[in-house]
K.L.:
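Just passing along the structure, written as structure tokens.
Values reported hereafter were calculated over all heavy atoms of this structure, with side chains retained and with hydrogens, waters and symmetry mates removed. Everything numeric here is computed off the predicted structure, so don't read it as measured data. Just follow the structure's listing: the first ligand is 1, and inside any ligand the first atom is 1.
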Amino acid sequence: MTSLLANSLKLGTRRAWREGRVWGSKMFPQRGTAKVLSDTSVLAASRATPFEGFADLCAETEQETLAVSRLLLEATAGLATPLPEVVRHIVASGGKRLRSRLLIASAKLLGARGQEGVRQEGILQEETLKETIFLGGAVEAIHCASLLHDDVVDGSKMRRGLPAAHRVWGAQASVLVGDFLFASAFELICRQSPREILTLLSQTALRLTQGEVRQLYSAHALLMTADDSLEIVRDKTGALFRAATMSAALVMRASPQEQRALALFGERFGIGYQLVDDMLDYLGESKMLGKRRGDDLRDGKVTYPLVLCLARSDARQRRRIEQLLARSDCADGQVDEVARLMRKTGCFDDCAALAKKTLEEGAAALEGIGDARLRGVLQRTCLASLSRLS
Ligand code: FPP
Ligand code: MG
């Protein structure tokens, strides 16, 4: 699969790609510059501690996460420009490997429960470890592919402080490398995992795409309800978190009760995490976010805090929000205007309360599951997602 895609990218322009002549050509206009990232800087990016309360999960999953990041980099070794460059760029700007870290830590959580041969002291036996790393790679590859596509769809300029890949290599290259990563994910799954994991991750990819499509068509639609927006959050973010923790349960041959617990933990974590993200889009600082504050408003995205705000606004305020949603060039002051209204009408408080409740449900789902120490790490990480707001 890998070589098929790579070969198709090489067709026709192979020489030009190699020589880097495509930059500045009519077909692939250069829209920016980015230095080619070294392995060390890409791997260091995944080591960064992005929010308080995350350090323990990082420490528990350090070695395996490095192996996951290496797997993504190795997938493009020797392939034609710009596959390695774009993959490096998105792996670095895709960040902290939260989803694969959750998968690895969940596998260890079950590995420490002292039953059967594969479960011992949180150390995964060789074959289980290999499968866990392949699946971690698959989950991250799906995540990175979705970010490459999402930045094209949203027209985003920055991701994690780096220019979005499509601004450097163009939308065509970004979409195709996203396809490459997406295909790589399924190649990794097929290496060692049973059909039920393949089914889980295929269904997850469908849900991610449905969530993104629904969000796209919700743009400028003021009829969206709070439930609609929460369903989008569940599909576009909750589904992949859920797939990560659920895959771990399947790898570890968990009981149906453990599978349900881990699935619920992952889903609630993902939903709570995205709700915090949606608030930060209005409340955060561009530097901390690594992207411009207020982009959801500029993209016409009716996220959960905005749904609440619309429902609590009078007709004049709603008209004003509608006007701002329809423009893609809102100034920071106009984003502040909406944020002030959100604060005044209690939307941030209520959104934060829902995020807190959802994250608490996630943490509670793990009660009684696996090793107590690792359970504590996973539960604390989930609850700490809220601290990104402070
Ligand atoms: C980021 O959301 C985007 C997602 C969580 C999912 C994107 C999904 C797709 C593009 C469809 C599926 C694609 C594949 C390859 C399976 P956001 O825009 O709210 O966050 P951001 O501010 O980080 O961009
Ligand atoms: Mg986006």
K.L.:
Under a 4.0 Å threshold between the charged nitrogen and the carboxylate oxygen, would Arg159 count as salt-bridged to Asp150?
P.N.:
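The answer is yes: the pair qualifies as a salt bridge.
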K.L.:
State whether the shortest distance between N or O atoms of Asp278 and N or O atoms of ligand 1 falls below 3.5 angstrom.
P.N.:
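No, no N or O pair falls under 3.5 Å.
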K.L.:
Looking at Leu110 and Ala249, what are the two nearest heavy atoms and their distance?
P.N.:
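Closest heavy-atom pair between Leu110 and Ala249: CD1-CA, 3.7 Å.
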K.L.:
By number and element, which atoms of ligand 1 are closer than 4.0 Å to a non-hydrogen atom of Lys301?
P.N.:
17 (P), 18 (O), 19 (O)
K.L.:
Looking at Ala164 and Asp151, what are the two nearest heavy atoms and their distance?
P.N.:
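Residues Ala164 and Asp151, closest heavy atoms: CB-OD2, 4.0 Å.
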K.L.:
Ignoring hydrogens, what is the shortest heavy-atom contact between Leu374 and Asp371? Give both atom names and the distance.
P.N.:
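Taking every non-hydrogen atom into account, N-OD2, 2.9 Å.
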K.L.:
Does Lys291 reach ligand 1, in the sense of a heavy atom lying below 4.0 Å from it?
P.N.:
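Right, Lys291 reaches ligand 1.
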K.L.:
Among all the protein's non-hydrogen atoms, which is closest to atom 1 (C) of ligand 1, and how far away is it?
P.N.:
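Answer for atom 1 (C) of ligand 1: Asp150 OD2, 3.5 Å.
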K.L.:
Using distance alone, determine whether Ser146 and ligand 1 share an N or O pair under 3.5 Å.
P.N.:
no
K.L.:
Going by distance alone, is a donor N or O of one side chain under 3.5 Å from an acceptor N or O of the other, for Ser93 and Arg160?
P.N.:
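Checked: Ser93/Arg160 side chains show no N/O donor-acceptor pair below 3.5 Å.
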K.L.:
Considering heavy atoms of the protein only, find what lies nearest to atom 7 (C) of ligand 1 and give residue, atom and distance to 0.1 Å.
P.N.:
Glu212 OE1, 3.3 Å
K.L.:
Can you sort out which atoms of ligand 1 are near Gln274, meaning under 4.0 Å from one of its heavy atoms?
P.N.:
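Reading through ligand 1 atom by atom, the close ones are 19 (O).
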K.L.:
Tell me which protein heavy atom sits closest to atom 12 (C) of ligand 1, plus the residue, atom name and distance to 0.1 Å.
P.N.:
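Of the protein heavy atoms, Thr209 OG1, 3.5 Å lies nearest.
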K.L.:
Indicate the ring-plane relationship of Trp169 and His89, choosing parallel, tilted or perpendicular according to the 30° and 60° boundaries.
P.N.:
perpendicular
K.L.:
Distance under 6.0 Å and angle within 45° of the ring axis: does Arg191 meet both against Phe134?
P.N.:
yes
K.L.:
Is it the case that ligand 1 has an N or O less than 3.5 angstrom from some N or O of Gln215?
P.N.:
no
K.L.:
Show the nearest heavy-atom pair for residues Gly290 and Met158, with the distance to one decimal.
P.N.:
O-CB, 3.4 Å
K.L.:
Say whether Asp154 and ligand 1 are in contact under the criterion: heavy-atom distance to a ligand atom below 4.0 Å.
P.N.:
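The answer is yes: ligand 1 sits under 4.0 Å from a heavy atom of Asp154.
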K.L.:
Confirm or rule out an N/O/S atom of Asp151, from backbone or side chain, lying less than 2.8 Å from the Mg ion (ligand 2).
P.N.:
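Checking Asp151: none of its N, O or S atoms is under 2.8 Å.
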K.L.:
With side-chain contact (heavy atoms from CB on, under 4.5 Å) as the criterion, how do Arg99 and Arg242 come out once you've worked through the C-alpha distance, each side chain's angles and the decisive distance to 0.1 Å?
P.N.:
CA-CA 9 Å; Arg99 292 152 188 80; Arg242 178 184 185 276; over 6 Å; no
K.L.:
Tell me the nearest of Lys236, Arg159, Arg292 to atom 19 (O) of ligand 1, using heavy-atom distances.
P.N.:
Lys236
K.L.:
Below 4.0 angstrom from a heavy atom of Phe182, which ligand 1 atoms are there? Numbered from 1 as shown, please.
P.N.:
15 (C), 16 (C)
K.L.:
With respect to the Mg ion (ligand 2), what is the nearest N, O or S atom of Asp154?
P.N.:
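Looking only at N, O and S atoms of Asp154, the one nearest the Mg ion (ligand 2) is named OD2.
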K.L.:
Any N/O/S atom from Asp150 (main chain or side chain) under 2.8 Å of the Mg ion (ligand 2)?
P.N.:
yes
K.L.:
Within 45° of the six-membered ring axis of Tyr273 and under 6.0 Å from that ring's centre, is NZ or CZ of Arg388 located there?
P.N.:
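Judged by the rule (NZ or CZ under 6.0 Å from the ring centre, within 45° of its axis), Arg388 counts as positioned above Tyr273.
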